[in-house]
Amino acid sequence: MPELRIVTLTFAAQALSAAVIAVVLFGFRRQYGKSYLAHWTASWVALAIHHLADAATVLLPAAHPGRLAAAVVADVAGYLQIAWMLFGVYELLRRRPVRMRVAKNLLVTLAIVGVAGALVFAEAARAGIYAFLSAAAYFVASIAFWKARKRREGIGFTMISAPFFAYALQQTHYLVIAVASLLGFEAGYLLYLGYADFLLQSMTGIGMIACLLEDEREASELAAVEAGHLAYHDAMTGLPNRPLFMDRLIVALAQANRANQKLAVFFLDLDRFKDINDSLGHSTGDALLKGVAERIRRCVREGDTVARFGGDEFTLLIPKIENIEDVAKIAQKIIDNLKIPFLIAEREMFVTTSIGIGIFPGDGHDPETLVRNADTAMYRAKDQGRDNYQLYAPAMNARALERLALENLLRKALSHHELRVYYQPLVDLASKRIVGLEALVRWQHPDLGFLLPAHFISTAELSGLIIPIGHWVLLTACKQLRQWQKRVDSDLTVSVNLSARQFQQPNLVSSVAEVLDESGIDPRSLELEITESNAMQNAEVTIHTLRELKALGVRISMDDFGTGYSSLNYLKRFPIDTLKLDQSFVREVNTDRRDAAIVSAVISMAHSLDLTVVAEGVETEEQLGFLRQERCDRIQGFLFSAPMSAEELEPYLMSQRAMRSVTG
């Protein structure tokens with residue numbers, strides 16, 4: 001019969017169209033990793049099954065037992081298609097996943113309704129129920145996209161709203177036809193509505209693809225904006241960072257020199273801030289730093305620059321001063337304001353600051369000299385009992401003498417084998433296995449005890465001792481890795497930091513090659529970490545050096561990403577394998593929407609560049625849950641393990657292997 005052939009062909013065409021769209025969306029799902037695409041893919045697969053089952057009900061005789069089975073499959077697939085479509089719409093517009101329990105319960109309920117409807121109701125009643133639910137769902141989705149389009153620049157949401165609305169109208173039309181059929185009226189043109197269904201279905205698929213592409217464009221733009229802001233601002237306080245401060249200081253010095261004016265540079269350091277962090281935790285310390293930044297900002301004029309250099313160090317640029325008394329008044333105003341108690345987590349906290357001041361032109365003519373001299377004056381203020389300010393004087397050499405003494409002790413530490421290598425595990429989020437270790441240097445000082453790198457690395461950099469120390473750490477870590485690969489896990493890797501001085505050495509590549517040869521490890525087992533700021537000091541030289549290192553077979557990681565000022569153009573050109581998210585962003589992803597947006601944007605951007613993402617400083621289950629949701633690849637932090645010595649870590653690795661063997 002011609003009519004039967006037409007109906008069958010239209011159902012088959014719609015099923016084929018739905019299958020093609022499902023394949024396309026599945027491809028995009030694998031590329032972009034968007035969860036809403038998984039729901040939409042399932043929706044189109046269900047729709048294809050629905051149409052094929054409908055075709056079977058048309059072809060099979062009324063008394064054939066397979067016809068009832070086909071009707072059940074058609075109804076169940078149709079209802080599930082509606083649910084999955086709505087799940088995808090919800091996740092795209094709300095930017096949050098559907099609750100698994102709710103989704104599962106709804107899918108089971110709809111499947112039961114589909115089975116019951118096919119067994120109980122006549123064909124016209126079944127068609128009417130499905131048309132009603134489908135029309136309602138597509139009307140709701142269409143209105144949601146139409147409202148959301150006002151917040152979007154592109155036309156993607158409009159392109160999907162229109163076919164959704166048209167499809168809803170078509171399903172409403174089918175509802176009317178079903179009601180009419182129950183009343184004894186038949187629509188003569190029903191045979192040809194399949195063509196309209198095919199057209200609307202294709203338009204809906206195109207709209208979904210357009211919506212996806214627009215969503216990805218906006219995600220890329222957000223990543224670029226966030227990364228651009230990170231380049232010149234401190235993520236926690238919102239203040240300018242060191243690069244932006246130095247840029248503004250260069251401009252201010254040029255203007256002051258032309259106008260024969262004075263300018264002042266302040267260097268502020270909070271007194272005993274480490275005690276607050278150690279006793280009350282990093283979250284309290286961060287909240288205090290934000291409060292301090294805001295108070296300092298209120299103490300200066302609009303044209304002045306307040307910056308955070310890192311940790312509890314702040315700098316202040318006063319581009320135009322008339323006399324020294326003005327500088328002293330500003331410094332005293334800051335000191336007095338910071339003495340007012342801070343209320344943090346219902347706890348009163350007291351903090352003081354030590355301020356050093358360098359004035360152009362007497363205390364330096366270039367940015368580095370002015371900042372360094374202000375830093376020296378700040379240490380003089382510390383020596384004078386803290387909670388005061390000091391103007392720089394050339395006689396202030398106490399800090400220089402202190403650094404010289406530390407340098408001599410550090411030379412002895414290297415020759416007397418007082419340095420230690422500690423290892424912190426890197427955990428793969430998907431398998432929950434320890435897949436790598438980061439090597440970290442420690443100093444077992446005979447008098448001062450156990451010292452972290454913050455106490456001596458800057459001195460090692462300035463003195464050049466970082467070169468032999470860095471080489472020793474690299475060789476020690478690689479030899480230790482080789483032993484662990486033989487005894488514990490052959491796939492284990494190690495990450496080693498390269499300092500700025502190391503990275504600038506002309507023999508760096510040959511030195512790494514010698515270490516690989518002496519230790520006997522596979523080059524792919526070694527990952528060398530460079531900081532973002534070091535990489536950008538001379539980007540073209542960095543690219544050349546990284547390519548030579550990559551030629552050895554080692555992997556490259558960019559450490560502390562987000563705290564420097566890398567250009568996205570250079571980031572694309574750097575031959576790196578891994579981005580390590582700085583812990584300052586991870587710490588408040590569950591409480592600060594800006595940090596959450598930054599972390600999400602960086603992960604999305606990194607994955608689009610085929611980079612592995614490691615999150616540092618993971619300390620809570622909430623942070624872990626957020627990172628898992630955002631598809632972060634690996635984590636590192638105290639939630640899983642603190643850095644440990646080789647002697648402490650090996651039993652831990654062995655126990656992990658034993659647990660895997662048991663569970664495996």
Side-chain angles (χ1 to χ4, degrees), residues 241-243 309-311 313 368 372 403-404 406-411 413-415 418-424 437-443 451-478 480-481 494-516 519 526-550 552 554-566 574-580 582-583 614 616 636 643:
N241 60 10
R242 185 189 190 106
F309 263 35
E313 294 179 340
E368 291 77 14
R372 184 173 63 250
R403 285 176 176 168
L404 181 60
L406 183 60
E407 179 184 334
N408 291 332
L409 290 173
L410 197 53
R411 291 183 189 277
L414 192 57
S415 60
E418 296 172 6
L419 297 180
R420 305 282 186 269
V421 178
Y422 273 53
Y423 303 87
Q424 186 171 33
L437 307 162
E438 181 177 5
L440 304 165
V441 66
R442 301 289 188 263
W443 184 0
L451 299 180
L452 296 176
H455 291 88
F456 59 90
I457 285 297
S458 60
T459 300
E461 284 271 7
L462 291 172
S463 63
L465 286 172
I466 195 67
I467 303 300
I469 290 175
H471 182 82
W472 174 81
V473 171
L474 179 62
L475 181 59
T476 302
C478 289
Q480 182 63 65
L481 176 69
V494 70
S495 303
V496 181
N497 293 280
L498 292 179
S499 70
R501 289 286 288 269
Q502 278 181 282
F503 196 72
Q504 294 166 3
Q505 291 299 300
N507 65 337
L508 171 64
V509 178
S510 60
S511 177
V512 173
E514 290 172 7
V515 169
L516 291 171
S519 63
L526 173 62
E527 189 166 83
L528 298 175
E529 296 187 6
I530 60 170
T531 64
E532 182 183 5
S533 54
N534 290 343
M536 289 303 300
Q537 286 183 4
N538 191 329
E540 295 300 332
V541 173
T542 296
I543 292 172
H544 176 74
T545 304
L546 292 182
R547 286 174 178 169
E548 289 189 323
L549 290 171
K550 289 286 288 183
L552 297 177
V554 303
R555 294 172 59 82
I556 305 296
S557 171
M558 181 172 284
D559 197 13
D560 296 341
F561 184 75
T563 62
Y565 48 101
S566 62
F574 288 152
I576 60 177
D577 306 284
T578 304
L579 278 186
K580 297 192 75 174
D582 188 70
Q583 60 183 342
V614 177
E616 298 179 300
Q636 178 181 353

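Just so it is clear, the values below take in all heavy atoms, side chains as well, and ignore hydrogens, waters and symmetry mates.
Side-chain contact check for Leu546 versus Leu528: every heavy-atom pair is 4.5 Å or farther apart. Residues Phe456 and Leu465 fail the side-chain proximity criterion, which asks for heavy atoms closer than 4.5 Å. Residues Glu616 and Asp559 have side chains in contact (heavy-atom distance under 4.5 Å, counting atoms from C-beta outward). No side-chain heavy atom of Ile469 sits less than 4.5 Å from a side-chain heavy atom of Ile457. When side chains are defined from C-beta on, Ser511 counts as touching His471, because their heavy atoms get closer than 4.5 Å. Between Leu526 and Leu481 the shortest side-chain heavy-atom distance does not fall below 4.5 Å. A heavy-atom distance below 4.5 Å is found between the side chains of Leu414 and Pro468.
Going from atom CZ of Arg555 over to atom OG1 of Thr578 covers 4.5 Å, rounded to the nearest 0.5 Å. The CD1 atom of Ile466 lies 8.5 Å from the CG atom of Leu410; values are rounded to the nearest 0.5 Å. Going from atom CG of Leu437 over to atom CD of Gln636 covers 9.5 Å, rounded to the nearest 0.5 Å.
Among all heavy-atom pairs drawn from Leu452 and Arg442, the shortest one is CD2-NE, 3.3 Å. What you find for Val509 and Thr545 is that their closest heavy atoms are CG2-O, 4.4 Å. Val494 and Ala477 make their closest contact through CG2-CB, 4.1 Å (heavy atoms, listed as atom of the first residue, atom of the second, distance).
Considering only residues two or more places apart in sequence or on other chains, Glu418 meets the side chain to side chain contact (heavy atoms under 4.5 Å, CB included) condition with Ala413, His416, Trp443, Pro446. Every side chain to side chain contact (heavy atoms under 4.5 Å, CB included) that Gln502 has, sequence neighbours left out, goes to Ile467, Leu498, Ser499. By the side chain to side chain contact (heavy atoms under 4.5 Å, CB included) test, Val421 pairs with Tyr423, Ala439, Trp472, Val473, Thr476, sequence neighbours left out. Judged as a ring pair (Phe, Tyr, Trp, His ring centres under 6.0 Å), and not counting sequence neighbours, Phe503 has no contacts. With sequence neighbours excluded, the residues that form a side chain to side chain contact (heavy atoms under 4.5 Å, CB included) with Leu475 are Lys479, Val515, Glu518. With sequence neighbours excluded, the residues that form a side-chain hydrogen bond (donor to acceptor under 3.5 Å, both in side chains) with Glu529 are Lys580.
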Apply side chain to side chain contact (heavy atoms under 4.5 Å, CB included) to Lys550 and Asp577, showing your working.
CA-CA 10 Å; Lys550 289 286 288 183; Asp577 306 284; 2.8 Å; yes

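Judged by distance alone, the side chain of Arg501 and the main-chain N or O of Glu461 form a donor-acceptor pair under 3.5 Å.
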